[in-house]
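First the structure, in the form of structure tokens, and then the observations on it.
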Amino acid sequence: MGCSASDRYRVILQLRRKNKVSEKTEILGRTVGSEILTWLYRIVLSVIVPVVFFIVMRAGFIWLRRGNADQVLIAAVAIVWGIGGFALLYVIANSIVELLPDAWKSRLLPFVFVGPALAILGWYLVMPVIRSFISSFQGASAEEFIGLDNYIYVFTDRVMLQAFRNNVLWLVLGTGVTVAFGLLIAVLADRTHGAFETVVKSLIFLPMAISFIGAGVIWKFMYAFRPAGTSQIGVLNAIKVALGGEPVGWLTMSPTNTLLMIVVLIWMQTGFAMVVLSAALKGVPEELLEAGRIDGASEVQIFFRIMIPYIQGSIVTVSTSILLLTLKIFDIVWAMTGGQFGTNVIGTVFWRQMFTYRHNGRASAIAMVLLILVIPVMWYNLQQLEQEAF
Amino acid sequence: VYGVLIIICIIWSIPTIGTLITSFRPADDAKTSGWWTVVNDPDFTFNAYKQVLAGREATIVTETGEEQTVSGAGMGQAFLNSLTVTVPAVAIPLLVAATAAYAFAWMDFPARRIFFTVVIALLVVPLQIALVPIFRDYRALNLNGTWLAIWLAHTGFGLPLSIYLLYNYISTIPRDILESAFIDGASQFTMFTRLILPLSVPALASLTIFQFVWVWNDFLVALTFLGTNKDVAVLTQYLQGLIGERGSDWHLLTAGAFITMLLPLVVFFSLQRFFVRGMMAGSVKG
């Protein structure tokens, strides 16, 4: 998308020039008062679609809850009503604004389009950041300010420290091994052709379609344990017994259990890494590889000196998205051990503070730590945006 | 190379195959012998699926031929709930995001740049940050445990990515097309519905698949806003409940797991190319 960015800006300017309406508004000149009024209308317009939707839907659901209608019917009505309602409100808001004089129309129309999105983002993401920041300095039920106590808890509590340690394992091993495996399989698969390549790639990619909870069940079964002497039903213990060992309760042994759960993540995410890196490898120019070979480089050297530097960008992208995923990891641990046996991660402690102990302050402090940890990625994304000269 | 890849593929498939086989085995077999022993002792039944899908109770015929009444796990209901949650939780954010992306790409309004910067910044915000405040809002509005609650939550959390991706796509539509429509006197709304939406189908398709897989497989958002109310709980919640209640009934757990996987796998196999593209597109989500 890089090169088209400045074009795009020019296009907007041109469109505006074509749009005589806008020109008129510029000529009109505005006082501070009318400017404020305009913004007021814009905000009302932005909020009105979501709010009306919300009120109507809420009333509808309370009404539906009273009746004992058939489940399938309720579901169908709810779906049609939910989607149709939202679309209808856009149409109504648009046709009202279309009726206004041109000057007002051009001031308000963009907010018919962009307003609902901004309002929803404001409620669901922007405000929560501020509110979580505030309540991270408050007590359990967010009534009084208690200073930095929640942060002291976050960085000194035994369970939190355990969670941090495990999360580092998730981040480093989860991401590292996934990317390494993905790269390895991508390189190998690129040397094969046709149907074989396709089948290999889809088999590796398939776990991406499974939920973390589903994968948790699948792997809990892989690690299942039955007492020594009985026949094992878990693959891992069966292999161990066949090799002459004693069966073990894998998921109860720390820190092995965390490593075994990281395996689940690797199993699920390798396909993703593979597809991205494979696409990147296909973009390495053949001449570059040829030149290397002529200069007498071995295949290994070509791999590390030419291919890896060439696809560096893709490696960074893949690593970043898996890092973000492992930072917030929750479902796998919740399904497999529930955070017991020394397997807590930030996500599970957050959940316990939020719902088991109902400690809003601590939960918010943990969420703030997660937010602070992703700020470098956020900053990088914004840098990219700057460069594209939006 | 071929040998190594075949070995890797076999290792990768073992967990799924084991699950699939176990879900079709009789209860006692699944509990006492490894699924790989089916080679010597093939004995399959749909009982686990019947029991898991049934509501309160199910009648199954055991291998000895006697009828048995067992308590169901209600996953049929859960499947329906998941559908009810997923369809609007995919459609609404796409609708809201498409209109916003159009405005960002082709309309001129004050503070446009600032708003877009905010959207990009929100891309990677961990949704944990929103759970506590939104949960409190919902409690005040008496909204926890309703479908509306979870639709809007998924809409909010899915918007930044959807806007970003659709903006990237919509802003590359050639301006000649838009200009000629504009000169013909088409209103912005007509341009959006008649021109932009049809032209954006490829991007919308990728995004639909990504958002579908995300919402369908989501556990955290559902657990927070739907709670433990079995009338509305989705598949992942039922499966999690099953782990707690029937932890050693492997035939039921594996059948349950397979029911949760069913729809994404159908999509995966039938629309593989779009599926991969969709998952790639979504990889920037935080």
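Naming: A, B, ... by sequence-line order, numbering from 1 per chain.
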**Message:** Has B/Trp12 got a side-chain atom pairing as donor or acceptor with A/Trp267's backbone, closer than 3.5 angstrom?
**Reply:**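 Yes; judged by distance alone, with no hydrogens or angles, the pair exists.
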**Request:** Would you check if the side chain of B/Thr19 reaches a backbone N or O of A/Ile218 as a donor-acceptor pair within less than 3.5 Å?
**Result:**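 Flag not set: sc B/Thr19 to bb A/Ile218 has no pair under 3.5 Å.
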**Asked** Centroid-to-centroid, B/Phe219 to A/Phe212, below 6.0 Å?
**Response**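 B/Phe219 vs A/Phe212: aromatic centres not under 6.0 Å.
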**Request:** Taking the six-membered ring for Trp and the single ring otherwise, decide whether the centroids of B/Phe135 and A/Phe355 are under 6.0 Å apart.
**Result:**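 Ring centres of A/Phe355 and B/Phe135 closer than 6.0 Å.
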**Asked** Under a 4.5 Å heavy-atom cut-off, does chain A meet the side chain of B/Trp216, its backbone, both or neither?
**Response**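 B/Trp216 has no heavy atom closer than 4.5 Å to chain A.
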**Minimum heavy-atom distance A/Pro116-B/Val96, with the two atoms named** =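 Looks like C-CG1, 4.2 Å.
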**Portion of A/Trp379 that has a non-hydrogen atom of chain B nearer than 4.5 angstrom** =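 For A/Trp379, no heavy atom lies under 4.5 Å from chain B.
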**Prompt:** Which atoms of A/Leu206 come close to chain B, meaning under 4.5 Å heavy atom to heavy atom: side chain ones, backbone ones, both, or neither?
**Reply:**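 Interface part for A/Leu206: both.
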**Item:** Donor on one side chain, acceptor on other, B/Thr99 and A/Tyr90, under 3.5 Å
**Value:**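 A/Tyr90 and B/Thr99 do have a side-chain donor-acceptor pair below 3.5 Å.
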**Item:** Selection from B/Thr155, B/Leu253, B/Val132 maximising heavy-atom pairs under 4.5 Å formed with chain A
**Value:**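 Sorted descending by pairs with chain A, the first entry is B/Val132.
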**Request:** With a 4.5 Å cut-off on heavy-atom pairs, point out which of A/Gly214, A/Ala363, A/Ala215, A/Pro110 contacts chain B the most.
**Result:**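 Highest number of pairs under 4.5 Å: A/Pro110.
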**Request:** Could you tell me how the ring of B/Phe192 sits relative to the ring of A/Phe113: parallel (under 30°), tilted (30 to 60°) or perpendicular (over 60°)?
**Result:**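 Perpendicular: the ring planes of B/Phe192 and A/Phe113 meet at over 60°.
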